[in-house]
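For the single chain, residues carry numbers from 1 onward in sequence order.
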Amino acid sequence: MPVQNNYDVVAHPVFFMIGCQRSGSNWLRTMLGQREDLIAPHPPHIMRDFLPIICKFGDLDDIDNLKILVDHVCSLVERNQVPWQDKHNRDMHFDRVAILKGSIHAMDSLRHVQRMEQMGTSRKRINIDTGFVEDDLNASTTEDIVGGEYYLLAIFDEIMNCYAKANGKKIWMCKSMGMSQYHDMLLRFYGKERLRYIYLFRDPRDVTLSFVKTPVGDCHPYVIAKKWARLQRYALRILSETEDLVHQVRYEDILLDKATQVSAINEFIGSRAESTTLRRGSVVVLRDDNEVVESAKTGREAQMANQLSYQFKNLQRGDSFTKGQMAKWKENMDGDDVHMVESCAREEMTRLGYFPVIVGIKAEPIHFTADLVEELEKDNTKLIEKMNNDLLDDNPEDFHRRKRQKSILNWLSQLRRVSFGQKTQRFVRDDAYDTDTDDMIDPSRDIENADTFASWPKEAYKVGFLSDEEVSDRFSIENTKYLLVEGGRGGRSRSFSIAYSAATQRGYYPQDRDKKNQDTFVSGVRSKSSTLFAVFDGHGNDGTACAAAAKDIICKQFLEKKKKMSFENMFNNAYKQANDTLAGSETIDASKSGTTAVSLCITDNGGVHVANVGDSRCLVISSSHQGGDHTVSVLTQDHTPDNVAEANRIKQCGGLVLTSDQYDRNKDDSIYSSEPQRVWSSEGKFPGTAFTRSIGDMVANELGVTSEPEHTISKLHKNDKMFVIGSDGIFDFISDDDIARISSQYSDPALVCKALVGISYKRW
């Protein structure tokens, strides 16, 4: 059974890019890292750098020694040349205690498997597709797992898992190209069911030319070519022994047809899944493969790396530049260097389809005597020294970053810079449903301190990831307004007053920080004898335009309503017209975009009419007849797949009602999943709506998602004190009862709006 970690219930596959550096590996990792579910950081080479010195840490079964190793490895990653950041663009600071616990758990699991094998018990594995435990007929036993190298691998694994989670990703890829030499360890640790390789290779003559011109690694053609050949032998061995675990790709083929090659790699990795941020959204919209690939140049990793070092200058260049990288050695490489590279790597390059032009054709391979090898390696040392001196002159910041990171390897084995418990991950938890943690967020907390949020967005920085100024720029509120209603039918019904306010907060999406506010509202629009309030929660790429269009049409229909027309018919016509308008629009793409819509109309004679599609909500708060606590009545029902009647309609129209996990696992609704149910097509993983009614969403319309509103008709009662109408951005994070408790603390509607928005923002 492969080692299980604490990252997720499902043991996801792990990916290692192997081959050799200067083969387009950073270019490829930035493209793959744009997937919604995969993280591919610049590697700090944990295994390469720590394995040679692992003995200095002593017996790692001694917890004190293991703590030191954990601290050193975490420090190496935290000082990486290209910083590792979380999804909020903050530098990573790893929780040493969590990494320690995770690595011990992994070792215990590994040793348990070994004991089972030594006792003759059949080895088990978890089938990723079904989740069932079954016999692993391909398993083999190995020597006792007592070496520090497995502890180091366990620490590496836990760090990668923590980094993926901090970025809302399910899977990770390690771009330390030399990991191929640890294949036996990796296979033992992860098992065949989890271990995967992307084998990227390039003509060694171009690799050598690139190394010579770049401030990284070795500098002499002999040393570069020997290393290239050695790493290819490791990779080719993996390919010959476990071909099904490897996807091969030539750098030159990516240059010729980037879209096709990256698409094939994505197919090998598996269907793209949503990030944790997307999984909480109203609709799941995954970009197509071409959009993912093309976004790499402007992605976080490419931008950050390009600013830090000349080494990464190519990551943001266009296709015309990349195509010019094909076989550059033919014009730019000295013949003697070509001869040397081919002499070192002829066998491996030939196996990979790169053929010599000198060795065996114009000249015999060079015979590398011991004296010649010693001389060439000395030359390499001198060239590296010159390279570092040049780097110090040209980019001193880059030089010192590398030096500072490398210095960790020279720390004394007894050195731990701070008390172990002090280096904790400085993350505000932003997932109220994170079942991997013990400190579950209490959904009722802060209710007693709602006054803290009545001045929102003052001190907003304390509860999120943006400054007060940034939050304020995203927040808008209408001051409280007052409306005196004289009563209907010539004043024969009682008069009453309405005080109202409205507020909206643009959401915080760490992977799309500039995403527009797609919500809009109607507050206090008067006709001759009634007042309209409404909330529209847009979603999808054109959600902002969909919400605005629906708002305009419904307002217009309300103002033009004929006296004898019922409000139910008026809203039915208005919602249908809004939907038809979006369907026929040439400027708004409503195929996978739309809006929820909840409308509240209060007539002058005290009538209350509510129309709703989607998961926005309207409720009324009333004072208790006995005094004291307030009561709350919900005037709408959420149109989601959790509603049995709604789900049945979707299924009758040919749609599927499943969570994203269930869809990915053979569309099996019997598999337990804590994720929200969504509407899917049987023909592909779309549209992924978390609602069953909306305006727009034409693809979802064909699966039973309708724009026909549900209605509630009632009368104002003397105990009714307040209506609250809002989007799921409020109601997903604050319960109806808590909304009543918060709202009842204030007489000013603007303060209610601020408090509800502030608490919701914190919990988001």
Side-chain angles (χ1 to χ4, degrees), residues 19-26 45 48-49 51-53 81 176-178 180-181 201-234 251 309-314 325 327-350 352 354 356-396 398-403 405-407 409-410:
C20 184
Q21 289 178 287
R22 310 313 301 169
S23 300
S25 56
N26 273 301
H45 304 297
R48 181 198 71 183
D49 289 344
L51 267 183
I53 61 173
Q81 178 192 6
S176 191
M177 305 292 281
S180 54
Q181 61 192 302
F201 51 90
R202 183 186 188 186
D203 191 314
R205 292 160 292 201
D206 276 324
V207 170
T208 302
L209 187 65
S210 181
F211 262 113
V212 168
K213 294 183 176 181
T214 307
V216 62
D218 295 300
C219 298
H220 195 283
Y222 167 79
V223 178
I224 297 168
K226 290 292 286 187
K227 180 178 180 179
W228 181 92
R230 176 171 56 85
L231 291 175
Q232 307 318 307
R233 288 195 295 272
Y234 289 134
Y251 172 73
S309 176
Y310 174 84
Q311 174 186 350
F312 307 112
K313 62 182 176 62
N314 298 340
Q325 302 303 297
K328 292 180 67 175
W329 65 271
K330 291 182 178 180
E331 295 182 1
N332 297 289
M333 198 171 193
D334 180 84
D336 290 340
D337 289 343
V338 173
H339 187 197
M340 182 167 292
V341 172
E342 293 179 356
S343 298
C344 293
R346 177 176 57 169
E347 179 181 350
E348 293 77 19
M349 62 186 286
T350 302
L352 293 172
Y354 303 108
V357 296
I358 293 179
V359 172
I361 298 173
K362 298 180 180 179
E364 293 299 313
I366 299 171
H367 176 60
F368 295 102
T369 64
D371 290 342
L372 178 57
V373 169
E374 182 180 1
E375 179 184 345
L376 296 176
E377 290 178 343
K378 286 181 179 179
D379 290 342
N380 183 59
T381 300
K382 294 177 182 178
L383 289 170
I384 291 175
E385 183 178 354
K386 180 180 183 303
M387 173 191 71
N388 287 329
N389 289 334
D390 291 343
L391 180 62
L392 179 60
D393 292 336
D394 298 337
N395 192 342
D398 189 21
F399 174 84
H400 289 297
R401 273 194 304 271
R402 299 178 192 221
K403 183 177 180 181
Q405 182 187 27
K406 191 174 181 180
S407 68
L409 302 177
N410 297 320

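- When every heavy atom of R346 is checked against every heavy atom of M349, the shortest pair comes out as O-CG, 3.3 Å.
- With a 4.5 Å cut-off on side-chain heavy atoms, T381 and H220 do not count as touching.
- Counting all heavy atoms, side chain and backbone alike, G217 lies closest to I384 at O-CG1, 3.9 Å.
- Residue pairs meeting the ring-ring contact (aromatic ring centres under 6.0 Å, His included) criterion with at least one partner in residues 375-394, sequence neighbours excluded, are absent.
- C344 approaches A225 most closely through the heavy-atom pair CB-CB, 3.7 Å.
- The closest side-chain heavy-atom distance from K226 to V373 is not below 4.5 Å.
- Residues D337 and T208 form no side-chain contact, since every pair of their non-hydrogen atoms from C-beta on lies 4.5 Å or further apart.
- Note that NZ of K330 is 13.5 Å distant from CG of L209, once rounded to the nearest 0.5 Å.
- Contact between R205 and P356 at its shortest, heavy atoms only, is NH1-CA, 3.9 Å.
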Residue pair M387, L391: steps toward the side chain to side chain contact (heavy atoms under 4.5 Å, CB included) verdict: CA-CA 6 Å; M387 173 191 71; L391 180 62; 5.5 Å; no
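- Residues G335 and I358 come closest through the heavy atom pair O-CD1, 3.5 Å.
- Taking the side chain as every heavy atom from C-beta outward, V223 and L376 never approach each other to under 4.5 Å.
- The pair E348-R230 does not meet the salt-bridge criterion, since no charged nitrogen lies less than 4.0 angstrom from a carboxylate oxygen.
- Within the model, atoms CG of N380 and CD of E375 stand 12.5 Å from one another, a figure rounded to the nearest 0.5 Å.
- Heavy-atom minimum distance, V207 versus R22: CG2-O, 3.8 Å.
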Acceptor/donor pairs from residues 360-368 side chains to any protein atom, 3.5 angstrom cut, sequence neighbours excluded:
none

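- Side-chain contact between Y222 and V341 is absent, with no heavy-atom pair separated by less than 4.5 Å.
- Between the OG atom in S23 and the CZ atom in F211 there is a gap of 7.5 Å [rounded to 0.5 Å].
- Taking SG of C219 as the reference point, atom NZ of K213 lies at 14.0 Å (rounded to 0.5 Å).
- Inter-residue side-chain proximity for K227 and L231 is flagged as met; some heavy-atom pair is nearer than 4.5 Å.
- Contact check for C20 versus M177: no side-chain heavy atoms found under the 4.5 Å cut-off.
- Once rounded to the nearest 0.5 Å, the distance linking CG of N388 with CG of D393 reads 11.0 Å.
- Summarising the geometry, atom CD belonging to E342 is positioned 8.5 Å from atom OG1 belonging to T350; distances are rounded to the nearest 0.5 Å.
- Judged by distance alone, with hydrogens and angles left aside, the side-chain atoms of Q232 form a donor-acceptor pair with the main-chain N or O of W228 at under 3.5 Å.
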CA sep, side-chain torsions, deciding dist, call: R233, E347, salt bridge (Lys or Arg N to Asp or Glu O under 4.0 Å): CA-CA 10 Å; R233 288 195 295 272; E347 179 181 350; over 6 Å; no
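- Judged by distance alone, the side chain of T214 and the main-chain N or O of S210 form a donor-acceptor pair under 3.5 Å.
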